[in-house]
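Throughout, protein chains are lettered first and strands after them, A, B, ... in sequence-line order, and every chain is numbered starting at 1. Only heavy atoms go into these numbers, but all of them, side chains included; no hydrogens, no water, no symmetry mates.
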2 protein chains.
Amino acid sequence: MCSVDTARPTDDRLLGPCSYLPTEHADTVRKVLDRVGDKWTMLVVVTLRDGPRRYTDLQRAIPGISQRMLTLTLRRLHEDGLVTRTAHAEVPPRVEYALTPLSRGLLEIVAPLVDWALEHHDEISANQDRTNAASGAGGR
Amino acid sequence: MCSVDTARPTDDRLLGPCSYLPTEHADTVRKVLDRVGDKWTMLVVVTLRDGPRRYTDLQRAIPGISQRMLTLTLRRLHEDGLVTRTAHAEVPPRVEYALTPLSRGLLEIVAPLVDWALEHHDEISANQDRTNAASGAGGR
DNA sequence: CTGGATCCCACGCGATACTG
DNA sequence: CAGTATCGCGTGGGATCCAG
């Protein structure tokens with residue numbers, strides 16, 4: 001895979017397999033990272049992984065989310081082309097949200113990160129404890 | 001556990017048996033995603049990729065970051081064990097920050113995500129245009 | 001040079017009430 | 001059921017000043 005060791009020279013053609021956050025694209029990347037780091041976005045995406053879901057269905061499946069945030073998150077996802085929105089003209093109304101190929105791709109990319117998080121979570125926690133102990137109480 | 005390789009064969013139901021983000025771990029994962037989605041964290045990490053850097057050096061290398069945020073970001077990274085902080089006892093003071101194996105691992109995991117972002121950025125932008133046009137002024 | 005302390009605003013987000 | 005509208009709080013984060 002792409003190595004992480006040496007500085008690559010300024011390169012305008014960065015869409016190759018190994019391109020890292022050059023200053024020119026920092027904004028672009030941060031926009032995506034913002035979405036991913038968003039409080040609810042990935043949670044909604046993951047909830048939609050197994051198939052289409054209705055609005056209330058999602059709200060039930062994601063504990064703690066408010067109507068407001070569910071609506072906003074879904075709208076943004078839809079605008080980004082990461083979910084489809086299908087409104088069935090019937091009474092009572094039924095709206096179904098589903099992932100797109102794009103968001104499934106994103107899901108695949110993010111999955112390793114989730115794994116990493118679960119895998120190194122305790123390591124990070126341990127580091128935090130160590131740091132706090134070191135700076136807080138210099139040996140009691 | 002359910003480890004997923006990026007070089008996994010393209011499969012329609014790839015994330016099937018491996019359930020990510022169960023409710024129990026949602027919090028753990030979101031903590032990490034929060035860091036990654038943080039405005040400056042990944043930018044600092046990437047800037048440190050090529051070797052240790054001093055405080056002011058980082059500030060120069062990352063346009064737009066304030067002292068406050070640089071300090072906070074570095075402190076959090078240090079607490080998480082993602083960077084080392086080496087203070088040289090001399091005048092004027094010199095402090096060097098460097099990545100740890102942990103953060104290098106994270107960097108490798110995030111890299112594909114960055115690639116994905118660059119790769120699909122225009123696709124997302126196009127979707128946004130289409131959505132706006134569709135809802136705002138009855139198609140073009 | 002390397003930060004810490006403060007002020008302050010903008011914004012994310014939750015709670016609640018209302019509509020088609 | 002599937003949203004929209006409004007208010008209010010907590011906090012992320014920039015600007016500025018101060019200190020070791």
Side-chain angles (χ1 to χ4, degrees), chain A residues 26-27 30-44 47-48 52-80 83-98 131-132 134-136 138, chain B residues 26-27 30-45 47-48 52-80 83-98 131-132 134-136:
Chain A
D27 226 41
R30 210 160 55 191
K31 215 172 57 183
V32 173
L33 289 189
D34 263 5
R35 284 285 188 277
V36 172
D38 198 50
K39 188 168 184 184
W40 301 110
T41 299
M42 289 315 293
L43 225 38
V44 170
T47 306
L48 287 174
R53 293 263 206 159
R54 305 176 55 176
Y55 185 89
T56 313
D57 200 7
L58 284 168
Q59 196 170 7
R60 277 203 355 264
I62 306 174
I65 196 170
S66 60
Q67 296 99 336
R68 176 190 154 83
M69 287 322 291
L70 180 54
T71 300
L72 281 180
T73 304
L74 285 171
R75 185 189 300 164
R76 282 196 288 242
L77 284 171
H78 183 229
E79 283 172 0
D80 289 356
V83 303
T84 60
R85 181 184 184 278
T86 312
H88 301 265
E90 42 182 72
V91 179
R94 196 178 89 227
V95 180
E96 285 194 328
Y97 294 91
T131 315
N132 289 339
S135 67
Chain B
D27 226 42
R30 210 158 57 191
K31 215 173 58 185
V32 174
L33 289 189
D34 264 4
R35 282 287 187 277
V36 171
D38 199 49
K39 189 169 182 181
W40 300 111
T41 299
M42 289 315 294
L43 226 37
V44 170
V45 170
T47 306
L48 286 174
R53 293 262 206 160
R54 304 176 54 177
Y55 184 88
T56 312
D57 200 6
L58 284 169
Q59 196 171 7
R60 276 203 357 264
I62 306 176
I65 196 170
S66 60
Q67 297 98 336
R68 175 189 154 84
M69 286 323 293
L70 180 55
T71 301
L72 282 180
T73 303
L74 285 172
R75 185 190 302 162
R76 283 197 287 243
L77 284 171
H78 183 229
E79 284 173 359
D80 289 356
V83 304
T84 60
R85 181 183 184 279
T86 313
H88 301 263
E90 42 183 72
V91 178
R94 197 179 88 226
V95 181
E96 284 193 326
Y97 295 91
T131 317
N132 290 339
S135 66

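Within residues 64-71 of chain A, the residues having any heavy atom closer than 4.0 Å to DNA chain C are, in order of number, A/S66, A/Q67, A/R68, A/M69.
Mapping A/P92 and B/R76 onto DNA chain D via the closest heavy atom, the residue that lands nearer the 5' end is A/P92.
Distance, A/L74 CG to C/dC13 P: 14 Å, rounded to whole Å. In this structure, CZ of B/R53 is placed 19 Å from C1' of C/dG3, rounded to the nearest angstrom. At whole-Å resolution of the value, CG in B/L72 and C1' in C/dG3 are 11 Å apart. Rounded to whole Å, the distance from CD on B/E96 to P on C/dC1 is 14 Å. Separating the OH atom of B/Y55 from the P atom of C/dC1 is a distance of 11 Å, rounded to the nearest angstrom.
Side-chain contact check for B/V36 versus A/V36: every heavy-atom pair is 4.5 Å or farther apart. Side-chain contact between A/V32 and A/R35 is absent, with no heavy atoms from C-beta onward closer than 4.5 Å. In this structure, the side chains of A/T71 and A/R75 come closer than 4.5 Å at one or more pairs of heavy atoms.
Residue contacts for A/D38: at a heavy-atom cut-off of 4.0 Å it reaches the sugar-phosphate backbone alone, with no base atom in range.
Going from atom NE2 of B/H88 over to atom CZ of B/R54 covers 8.5 Å, rounded to the nearest 0.5 Å.
Protein chain B contacts DNA chain D over a range whose 5' and 3' limits, counting nucleotides with an atom under 4.0 angstrom from a non-hydrogen atom, are D/dG13 to D/dG20.
Residue A/T47 is tested with A/I65, A/L58, A/D57 for a side chain to side chain contact (heavy atoms under 4.5 Å, CB included); the sole match is A/L58.
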